[in-house]
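To keep things clear, I will list the structure first and then write my remarks on it.
This is a predicted model, so every value here is computed, not measured. Start at 1 with the first residue, then count along the sequence.
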Amino acid sequence: RLVISLECAPLTEYASTRWYRAPEMLLGGRMYTTAIDIWAAACVVGEMQIEEGFIPGTSTLDMITRIEELLGKPFAHDIEAMEAPYGGLVFEVVPAGPPHGACAFGAQ
């Protein structure tokens with residue numbers, strides 16, 4: 001039986017592989033839901049599709065940069081919803097706009 005919880009609970013920010021960490025984990029958030037697991041699963045599916053690392057960051061800052069390039073700058077209410085201590089600091093200097101990368105499944 002699959003149980004999906006939408007309730008937040010204090011959890012560790014540790015994930016064994018940086019490439020699967022959701023933005024809120026990378027930014028120091030300690031309260032999150034099963035959405036973290038969905039993010040990680042989506043990264044694995046992306047890797048299966050393109051047959052290489054989907055977001056192969058080399059550091060926390062590199063991961064945040066790659067995610068922002070792929071998805072664009074999050075809206076202010078999304079940053080606030082992350083409840084991540086470093087969210088506002090990291091994204092306040094990023095200009096608003098659409099994603100910069102052309103990373104689409106199947107694109108060559």
Checklist line | L61: partners by side-chain contact (heavy atoms from CB on, under 4.5 Å), with sequence neighbours left out | finding: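 Counting only residues at least two positions away or on another chain, L61 forms a side-chain contact (heavy atoms from CB on, under 4.5 Å) with S59, T65.
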Notebook entry, point to check: Quick one: side-chain contact (heavy atoms from CB on, under 4.5 Å) partners of I79, sequence neighbours excluded?
Noted result: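 P74, F91.
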Margin query: Within this structure, what is the CG-CD distance for the pair D78 and E24, rounded to the nearest 0.5 Å?
Written below: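 If I round to the nearest 0.5 Å, the distance is 10.0 Å.
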Check: Does some side-chain heavy atom of R21 sit less than 4.5 Å from a side-chain heavy atom of W39?
Finding: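 No. Closest side-chain heavy atoms not under 4.5 Å.
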Notebook entry, point to check: Is there a side-chain contact between L26 and I67, using heavy atoms and a 4.5 Å cut-off?
Noted result: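 L26 reaches I67 side chain to side chain.
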Looking only at heavy atoms, which two atoms of [X] and [Y] are closest? And how far apart?
| X | Y | value |
| --- | --- | --- |
| G29 | P85 | N-CD, 3.8 Å |
| R18 | T58 | NH1-O, 3.2 Å |
| I64 | P23 | CD1-O, 4.2 Å |
| E47 | Y20 | OE1-OH, 3.0 Å |

Margin query: Once salt bridge (Lys or Arg N to Asp or Glu O under 4.0 Å) is applied, do any residues pair with D62, and if so which ones, sequence neighbours excluded?
Written below: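 Result, salt bridge (Lys or Arg N to Asp or Glu O under 4.0 Å) vs D62: R66.
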Next item on the list: Using ring pair (Phe, Tyr, Trp, His ring centres under 6.0 Å) as the criterion, list what pairs up with F75, not counting sequence neighbours.
Entry: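 F75 satisfies ring pair (Phe, Tyr, Trp, His ring centres under 6.0 Å) with H77 once adjacent residues are dropped.
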Next item on the list: Any chance you could lay out the side chain to side chain contact (heavy atoms under 4.5 Å, CB included) test for F54 and M48, step after step, and finish with the verdict?
Entry: CA-CA 9 Å; F54 185 62; M48 291 169 50; over 6 Å; no
